[in-house]
Amino acid sequence: MPQVPYDSRRRNKASRLSRASSLAQGKLVPHEKTADLLRAVLEPGDILCLEGDNQKQADFLAAELAGLDPSELRDIHLVMSCITLPSHIELFKKGMIKKVDFAYAGPQGAAVAELLAAGKFPIGAIHTYNELYARYYIDLTPRVALIAAAKADRAGNLFLAANTEETPAIVEPTAFYDGIVIAQVNEIVDTLPRIDVPTDQVDFVIEAPYPMHLTALFTRDPAAITDTQILMAMIAIKGIYQEYEVESLNHGIGFDTAAIELLLPTYGEELGLKGKICKYWMVNPLPTMIPAIESGWVDTVFSVGGEVGMERYTAARSDIYFTGRDGSFHSNRPMGQLAGHYALDMFIGASLQIDIHGNSSTVSKGRITGFGGAPNMGCQPNGRRHPSKAWLKAGREANPGPGALPGRKLVVQMVETFQAGRVPTFVETLDAQDPSVKSAMQGVAPIMIYGDDVTHIVTEEGIANLGACRTQEERTAAIRGVAGYTPVGLKRSSADTAALRARGIIKLPEDLGVAPARANRGLLAAQEIKDLVRWSGGLYDPPSQFVDW
Amino acid sequence: MTTADLLAHFFGASATGITISNKIATGYAKVGDQDVCVIGTVDGTYIDNAAALQMSEQVLDCVRSKPGVPIVMLVDSEGQEPNRTAEMLGLPVYFGHLLTCLQVAREAGHKLITVATGKAIGGAFICYGMFADSIYALDSATVGLMPVEAMSAVTKIPVAILEELSKTLPALEFGAAPFALLGGVKAVWPTDETLADKLSAAIAAATPEDTRAALGKERGGRPQAYDVQQRVLAESAR
Amino acid sequence: MSLTPYHELKARERIAVIADAGSFREILPPPERVMSTYLPKLGIPVSFDDGLAIGHATIGGKPVYLAAQVGQFVGGSVGEVHSAKLVGLLKSAARDKIPCVFLIESGGVRLHEGSSGEIGIAEAIRAVFSCRAAGATTLAVIGSDIGAYGGMGILSSCCDFRLMTEHGRLGISGPIVIEKWMGKQAFDSANRALVWKTSGGKTRYVLGDADLLVNDSADSVRAGIISFLSKSAKPDLAMVEARQASLEARLEKFGQISDPDEIWKTCGITDIAAASLAEAEDFAKSFHPQNS
Amino acid sequence: MEAFQQSFPSHALAWPPSRKWALAGVVGSGNLEVLIEPNPAAPDTVSYSVETPIPGYRDSWLAALSDFSAHYAVGGTTITLHDQGAPPVVVKLRLRQALDLLTSAQS
């Protein structure tokens, strides 16, 4: 009779823990013994999760892992959201990894492309964030997870501070399926401000010799916002925010949306929109939102992560931000992404390239960057049932048939027609469609947002309402109509453009009553970082790379 | 050539009156029968705040105690000290002070003569040597803004292109001879036994008019500067 | 009248708000096309004014010669034409005995024009002193993020007076050069807070290198300029002797300090964070600069 | 560096302009300077001269300049553009600013 497995993972975990028992006092392991701990608990063939996203990194554990000899660690199936650090790349160079499933590789995009060409980057698949976290519960549950926390107490409870991010999404499936959770912490203390991860779900804690790496990814210096971005922001506010009465929304990290945030207390106020739009946000604590918050525009903000320097401000504005019992900020990436998917009227973001079908991509040749979280929000939530004004209006425009959803999320792409150096944003064919790029993706072009999901494209030329287009040809004509002097735009027919304009599918600044002459930096509620500090009443502590006083 | 040899070439036995401390030369000596005050840098040293003060103190001493004695400036410096503390303490202001002291000397009737003896590069040359009435360079001196390699590193223009262009643009070349073509030095001197005589003659001939732009035009190395200066002067007089 | 932040303005916009309305008469204006002959050979765009607008104007009714550098054009750098325009203007000021005001925004010598810009700055420095000898006030206005660096930092330090805003920086070697030289540990050029504390207007004012610190608004800068137009600081032995003593004392007192906050504290500033955030003119009122 | 000249028909500028020339913009990254000068000899034509360090976008430039010439009365002028990678939106903005300055009352 074949042996039916009942608890082999549990027994396996026990034997791993016993191999490591001499290294730990309780759950605490001195950082000098990290490599020994990794040798003791890891086995060839393991699914290993290394925490690291685009902000927060288990960088000490990653470095220790990369320092192991390939003879001690091999055939690892690595699962992680962001391949960000040089130490991550080192694992592949050393040939320790037999397979990798990930979501994003932005900063290491060029290195990943090189490894791939050399046959040293065995991709399982490239995911969106929530898709990857979901697989942690299905077929990619980690045997060992290496995570990062701000503080631990001596019992092994963890405090994650502002950057909760995806830690719970890694810890829960690992801990509840007999995996091992190892946490690096900045410091071990007697009493935690609050417990974010209970010690029951943690096996080992290491006080790292240096604090974990945190990037101020969401800080945009108002000084770098251009007049063109302000013009686009005015177009977006009048043509979309006001038009659809967008109450709940997500913003990207670009300067375009930063300009919108800084126009709310000036231009938005002038249009009488306070209290009508932009009340509920799923967005990280963006410093450029401070003036809008201080002017009473914002009801709530939930975040997927924290932002360096916003700790005191968010703690002092607990009516706006989600904070813990200790008073400090709390975030959660999977839940934020879920909220962004189901509970928002609008997603608005930027892109590097948009093709004539409205597909967009941030891929350029020679770089493998992946997806991150934008596609989780920049798509239509077909499981949504609750209505809102914006959702219903966009749904009516789409003229759904009897078998379709009555509403649509606004999925808006906001781009200048040219990127820096006169590189056109609008192209006939995306770089993502290049065979060399597709071959890395099992033949599927890495498209960030699909044209079928997009409702609007905003450029400095105007707005194209793709959601109201009836045919693919119309959609392409609408895109050409706002693509300016790019090769894609030069191919437009003036008759098509005029017809679409008459139907309100293309709206130019003059159609919206937006005067380009007013688009200048004087309209921003804050023109430099110091203004944000002043707006915050001194509660915002900008990182030193943003300080010029 | 050692510093001692070099000083002996210019000042003979009187070179003993010159003290070198922290690679800054200061003191009094004779060129022929002429008493001179000497300030300068040696061994390619970097000039920092203290070095500037050492030289300015010598200039002030000369103005106070040796009326009318010519001041000879020797330049062998790689540049200003690229140092955060030096900047924090106001390095440009120290340099400005040194130049102001030299101006006070000039107005008190001291002639100012510079000889670039070694490296005379960028800010280190601007902060005193290039302020003289008359500027000379030894043929072995490396004079100029910066070598093409350094220029390339900052401007991102390939070295090969800069080198090719420098064949027709002496401004991009590094050395005493091309610098002379720009009018930046009056004459390039061979390092030989005639140095003392040349220096002596240079002191006698020095006048405070700045003739560098005219010289740069005449020699063809700086074709625009003189004419542009003159056009501005003419237009402003209207 | 304008409350526009001064540092946000471009050279010609600065002239427009600093000079009395309609008073600016440009010398060698753009249609004259007096441009660099070096840049085209390097495939770099040229500018009609070579990055420097010069001319005659009145400010608060007083005649001045006025120059404004275009920081966006090759970093406001000084090449052959640029320096020759500066020299011509300074010589005009010395001849006519009227003040010369520089709105500075420059990283120094234009490397693309090699030693010609270096000699040009040296000529301009001589011409600054011709002005001072003639009693024609020279005033360096440093209120842009690029600041006054390299040869322009030295030239600024040779003028009778320096007026700064907290955005302005005065130095010789820029932070990137120093980082390359000393290492990132010693000076991280991305640490803008440290960069500004090292060379920015407030620290320069604390040490007495800036004679006046004003708010970053066109009106404040204009008012500050006017306050200098009837003054001059003609160099003489007594003045430079006093300066020698004060610069020696500064080196003695602060030579071993590496943290600029320590300098502020030594100068009597107790709440560094508040002083950092304070408006320039409030900051300036709060203590007596260490001066010469 | 790519350089090209092109003339377009345009309605005549309101005559006389209030200035002899007007300049807008600066030569800096993503920006350009535009100098506009009256040319009474050809009142129904505007002549452009463009220098740009980014080659290959002549069609795009000419389309933008053609549109500007059609939308605004700039006949009887020559316009010189020194570009440093400005996108068309900035090109059109500077053209408008230069024209406004040329025709606005002297301050």
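Below, read A as the first sequence line, B as the second, and so on, with proteins coming before strands; counting in each chain starts at 1. The structure displayed is predicted, hence computed values, not measured ones.
The closest donor-acceptor contact from the side chain of B/E87 to the backbone of C/I172 lies under 3.5 Å. With C/E248 contributing its side chain and B/L53 its backbone, the two residues share no donor-acceptor pair below 3.5 Å. Without hydrogens or angle criteria, C/R95 side chain to B/L233 main chain gives a donor-acceptor distance under 3.5 Å. At distances below 3.5 Å, at least one donor-acceptor pair connects side-chain atoms of C/E80 with backbone N or O atoms of B/A225.
Here the straight-line distance linking atom CG of B/L98 with atom OG of C/S157 works out to 12.0 Å at 0.5 Å rounding. Taken from CG in B/L169 to OG in C/S116, the straight-line distance is 8.5 Å, to the nearest 0.5 Å. Rounded to the nearest 0.5 angstrom, C/S92 OG and B/Q229 CD are separated by 10.0 Å. Going from atom OG of C/S199 over to atom CG of B/L91 covers 10.0 Å, rounded to the nearest 0.5 Å. How far OG1 of B/T168 is from NZ of C/K41: 6.0 Å, rounded to the nearest 0.5 Å.
No side-chain heavy atom of B/M88 sits less than 4.5 Å from a side-chain heavy atom of C/K197. C/I125 places a side-chain heavy atom less than 4.5 Å from the side chain of B/I126. Contact annotation: the side chain of C/S173 approaches that of B/Q80 to within less than 4.5 Å [non-hydrogen atoms, C-beta and beyond]. When side chains are defined from C-beta on, B/R231 counts as touching C/E32, because their heavy atoms get closer than 4.5 Å. The shortest side-chain heavy-atom distance between B/L165 and C/Y38 does not fall under the 4.5 Å cut-off.
The two atoms that bring C/L247 and B/Y94 nearest to each other are O-OH, 2.8 Å, heavy atoms only. When all heavy atoms are compared, the tightest approach of B/L145 to C/E118 is N-OE1, 3.2 Å. The heavy-atom pair separating C/G255 from B/T85 by the smallest distance is O-CG2, 4.2 Å. Looking at every heavy atom in both residues, C/C158 comes nearest to B/G96 through SG-CA, 4.0 Å. B/S236 approaches C/I27 most closely through the heavy-atom pair CB-CD1, 3.8 Å. Across every non-hydrogen atom of B/G184 and C/I119, the tightest pair is CA-CD1, 3.4 Å.
Ranked by non-hydrogen atom pairs under 4.5 Å with chain C, the options B/G122, B/G216, B/P92, B/G183 are led by B/P92. Comparing B/F125, B/F179, B/F95 by heavy-atom pairs within less than 4.5 Å of chain C, the highest count is held by B/F179. Heavy-atom pairs under 4.5 Å with chain B were tallied for C/I257, C/V177, C/D259; the largest tally goes to C/I257. Ranked by non-hydrogen atom pairs under 4.5 Å with chain B, the options C/G108, C/G171, C/S130, C/G153 are led by C/G171. Ranking B/M146, B/E173, B/M130, B/Q230 against chain C, the residue ahead of the rest is B/M130, based on heavy-atom pairs under 4.5 Å. Your options are B/A237, B/G123, B/A50, and the one with the most heavy-atom pairs under 4.5 Å with chain C is B/A237.
Residue B/P208 touches chain C through both its backbone and its side chain, counting heavy-atom pairs closer than 4.5 Å. With a threshold of 4.5 angstrom between heavy atoms, C/M35 approaches chain B through N, CA, C or O but not through any side-chain atom. Using a 4.5 Å cut-off between heavy atoms, B/P223 contacts chain C through both its backbone and its side chain. Interface remark: B/I121 contributes backbone atoms only to the contact with chain C (heavy atom separation under 4.5 Å). For chain C, the nearby parts of B/S56 are the backbone and the side chain; heavy atoms of each come within less than 4.5 Å. Contact of C/R126 with chain B is made through backbone and side chain together, with heavy-atom distances under 4.5 Å. Interface residue B/I157: only side-chain heavy atoms are found under 4.5 Å from chain C. Of the two parts of B/R106, only the side chain, counted from C-beta on, holds a non-hydrogen atom closer than 4.5 Å to a non-hydrogen atom of chain C. Looking at B/L162, only its side chain comes within 4.5 Å of chain C, counting heavy atoms on both sides. Looking at B/Y128, there are no atoms closer than 4.5 Å to chain C (heavy atoms on both sides), in backbone or side chain. Neither the backbone nor the side chain of C/L90 comes within contact range of chain B; no heavy atom of the residue lies under 4.5 Å from a heavy atom of that chain. Interface residue B/E57: backbone and side-chain heavy atoms are both found under 4.5 Å from chain C. Contact annotation for B/V232: both backbone and side-chain heavy atoms come within less than 4.5 Å of a heavy atom of chain C. For C/L237, the parts lying under 4.5 angstrom from a heavy atom of chain B are both the backbone and the side chain. Contacts between C/V109 and chain B at a heavy-atom distance below 4.5 Å involve the side chain alone, from C-beta outward. Proximity to chain B is absent for every atom of C/S156, based on heavy atoms less than 4.5 angstrom apart. Using a 4.5 Å cut-off between heavy atoms, C/I176 makes no contact with chain B at all. For C/H56, no part sits under 4.5 Å from any heavy atom of chain B, backbone or side chain. Within the 4.5 angstrom heavy-atom criterion, atoms from both the backbone and the side chain of B/V93 approach chain C. In this structure, the portions of B/L89 lying under 4.5 Å from any heavy atom of chain C include both its backbone and its side chain. Contact annotation for C/I44: only side-chain heavy atoms (C-beta onward) come within less than 4.5 Å of a heavy atom of chain B. C/R132 touches chain B through its side chain: at least one heavy atom from C-beta onward sits under 4.5 Å away, while N, CA, C and O do not. C/I263 touches chain B through its side chain: at least one heavy atom from C-beta onward sits under 4.5 Å away, while N, CA, C and O do not. Looking at C/A186, the atoms closer than 4.5 Å to chain B (heavy atoms on both sides) all sit in the backbone: N, CA, C or O. The part of B/E107 that comes within reach of chain C is its side chain, from C-beta onward, which places non-hydrogen atoms under 4.5 angstrom from that chain. Interface remark: B/A132 contributes backbone atoms only to the contact with chain C (heavy atom separation under 4.5 Å).
Ion pair C/E123/B/R222 flagged as a salt bridge, since at least one NZ, NE, NH1 or NH2 atom sits closer than 4.0 Å to an Asp/Glu carboxylate oxygen. One finds no salt bridge joining C/E179 and B/R84 here, because no Lys/Arg side-chain nitrogen approaches an Asp/Glu carboxylate oxygen to under 4.0 Å.
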Could you check B/T100 against C/R243 for side chain to side chain contact (heavy atoms under 4.5 Å, CB included), going step by step and ending with a plain yes or no? CA-CA 10 Å; B/T100 311; C/R243 188 85 173 126; over 6 Å; no

Apply side chain to side chain contact (heavy atoms under 4.5 Å, CB included) to residues B/L102 and C/F129 and explain how you reach the verdict. CA-CA 10 Å; B/L102 288 167; C/F129 283 108; over 6 Å; no

Do C/M239 and B/V104 pass the side chain to side chain contact (heavy atoms under 4.5 Å, CB included) test, and can you show the C-alpha distance, the side-chain angles, and the key distance before you say yes or no? CA-CA 10 Å; C/M239 174 201 281; B/V104 167; over 6 Å; no

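Surrounding NZ of B/K186 are more than 12 heavy atoms belonging to other residues, nucleotides or ligands, all under 6.0 Å away. Within a 6.0 Å sphere centred on OH of B/Y226, other residues, nucleotides and ligands contribute 12 heavy atoms or fewer.
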